[in-house]
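The first residue of the sequence shown is numbered 1, and numbering continues consecutively from there.
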Amino acid sequence: MTNVNLPKDAVFDEAMLHDLCNRDWYRISFGSVAEWNVSIRYVLDENCFGYKPYGQFLVSEFSPEEYDFYVFDTNEMWEEDHNESICDVFFHGQPHHIGYAHRVLFAGMRTAFKDDFGDDIYTGDIVWADKNPELIFPVDKMLNSGEPALMKSYNEAIPLKESKSLIRVGTVFNDLDWSNPMSLCKRNVKFLYEAYGEKSNLPRLKRMLTRAQITPSFMQNYEAYELMSQFGEKYGWRNKWWQHRNTEE
């Protein structure tokens, strides 16, 4: 892992997690990696997030700056999905005893922050800050420090610690495709472009937030998200923020 003095609340991107896992592969094989308070979220299926602490996943670089994530599970249901060749490469041919490695899609790392409802905030969440309609942005890391921040653009961010109120309003994990594991940063930029373009646009933002509240999802057209949004109870946590918004739609 790169030798950078990161703050205690720093979050890691895919490349940093890859380097960290590769450094600790031997310890991971024995499940002894409590040194790092790292937990990732991942997409398992439609409307299904999973969560794993450090030591129960590996990151494989399949092309420059493109990564696949695998999580370890001991349940026999994952035996057919187990990727032995990935394990052979990662563990350098050494035995491991931490379960079956099956592929998932990376969906962010847990930050040190919780929202106003007590929910953990992950990178890739879309967060409404200080109940300000001009501050609805995805969470990523500061380029220079690694601190979790609201991503206003690729080069501009607001550290989460500067906000008094934070409410999760959805995630950027829509229009998913197993054959295209787009990086979290690219997904955040995609959301910003489609929601705001060159300037704030409320109708376009509302359209993207409809998708954001129906995640994770592999659906590829807006009409499907619009239809699913009618079933608000199923996606209740994603709709909490509408009850507290004090501005006109």
Heavy atoms only: give me the nearest [X]-[Y] pair and the separation to one decimal.
X: G99; Y: H82; value: O-CE1, 4.2 Å
X: F72; Y: I98; value: CB-O, 3.2 Å
X: P216; Y: L176; value: CB-CD1, 3.9 Å
X: V104; Y: V43; value: CB-O, 3.5 Å
X: Y225; Y: M219; value: OH-O, 2.7 Å
X: C21; Y: L58; value: SG-CA, 4.2 Å

Could you measure the distance from the [atom1] atom of [X] to the [atom2] atom of [Y]? Nearest 0.5 Å is fine.
X: Y42; Y: I40; atom1: OH; atom2: CD1; result: 7.5 Å
X: D19; Y: E61; atom1: CG; atom2: CD; result: 8.0 Å
X: I158; Y: E147; atom1: CD1; atom2: CD; result: 13.0 Å
X: M151; Y: M142; atom1: CE; atom2: CE; result: 11.5 Å
X: D115; Y: I167; atom1: CG; atom2: CD1; result: 7.0 Å
X: M16; Y: L20; atom1: CE; atom2: CG; result: 8.5 Å

Side-chain donor/acceptor of [X] to backbone N/O of [Y], under 3.5 Å:
X: T215; Y: R211; result: no
X: D73; Y: N75; result: no
X: R41; Y: A107; result: yes

field: F113 and K161: CA distance, side-chain angles, deciding distance, side-chain contact (heavy atoms from CB on, under 4.5 Å) verdict
entry: CA-CA 8 Å; F113 295 85; K161 65 184 180 183; 3.8 Å; yes
task: Can you label the angle between the F137 ring and the Y196 ring as parallel, tilted or perpendicular, going by 30° and 60°?
output: tilted
message: Over 60° means perpendicular and under 30° means parallel, so tell me whether W78 and H102 are parallel, tilted or perpendicular.
response: parallel
- prompt: Does the pair K114 and D119 meet the rule for a salt bridge (Lys or Arg N to Asp or Glu O under 4.0 Å), with working shown?
  reply: CA-CA 5 Å; K114 295 181 182 291; D119 293 335; over 6 Å; no
message: Run the side-chain contact (heavy atoms from CB on, under 4.5 Å) test on V172 and K190 for me, step by step, so that the C-alpha distance in whole Å, both residues' side-chain angles and the decisive distance to 0.1 Å come before the verdict.
response: CA-CA 9 Å; V172 298; K190 179 175 180 287; over 6 Å; no
- prompt: With sequence neighbours left out, what residues match F191 under ring pair (Phe, Tyr, Trp, His ring centres under 6.0 Å)?
  reply: none
message: Assess, by modelled atom type and distance only, whether the side chains of E76 and Y100 contain a donor and an acceptor separated by less than 3.5 Å.
response: yes
Side-chain donor-acceptor contact under 3.5 Å, S29 with Q94: no
message: Out of the candidates D116, D120, D125, only one should pair with R168 under the salt bridge (Lys or Arg N to Asp or Glu O under 4.0 Å) rule; please name it.
response: D125
- request: Decide, yes or no, whether a salt bridge links K186 with E66 under the criterion of side-chain N to carboxylate O below 4.0 Å.
  value: yes
- prompt: Any salt bridge between K141 and D13, counting N to O under 4.0 Å?
  reply: yes
Might you confirm whether atom [atom1] of [X] has over 12 heavy atoms from other residues, nucleotides or ligands at distances under 6.0 Å?
X: Y222; atom1: OH; answer: yes
X: Y51; atom1: OH; answer: yes
X: E80; atom1: CD; answer: no

- prompt: Are any of the side-chain heavy atoms of L105 and F173 separated by less than 4.5 Å?
  reply: no
message: side-chain contact (heavy atoms from CB on, under 4.5 Å), that's the test. Do V59 and D68 meet it? Break it down for me.
response: CA-CA 6 Å; V59 188; D68 273 339; over 6 Å; no
task: Please step through side-chain hydrogen bond (donor to acceptor under 3.5 Å, both in side chains) for the pair S153 and N155, ending with a clear verdict.
output: CA-CA 5 Å; S153 70; N155 296 311; 5.6 Å; no
task: Please assess L160 against V139 for the test side-chain contact (heavy atoms from CB on, under 4.5 Å), listing each intermediate value before the final yes or no.
output: CA-CA 8 Å; L160 291 186; V139 176; 4.2 Å; yes
query: Listed by chain and number, what are the side-chain hydrogen bond (donor to acceptor under 3.5 Å, both in side chains) partners of N174, not counting sequence neighbours?
result: none
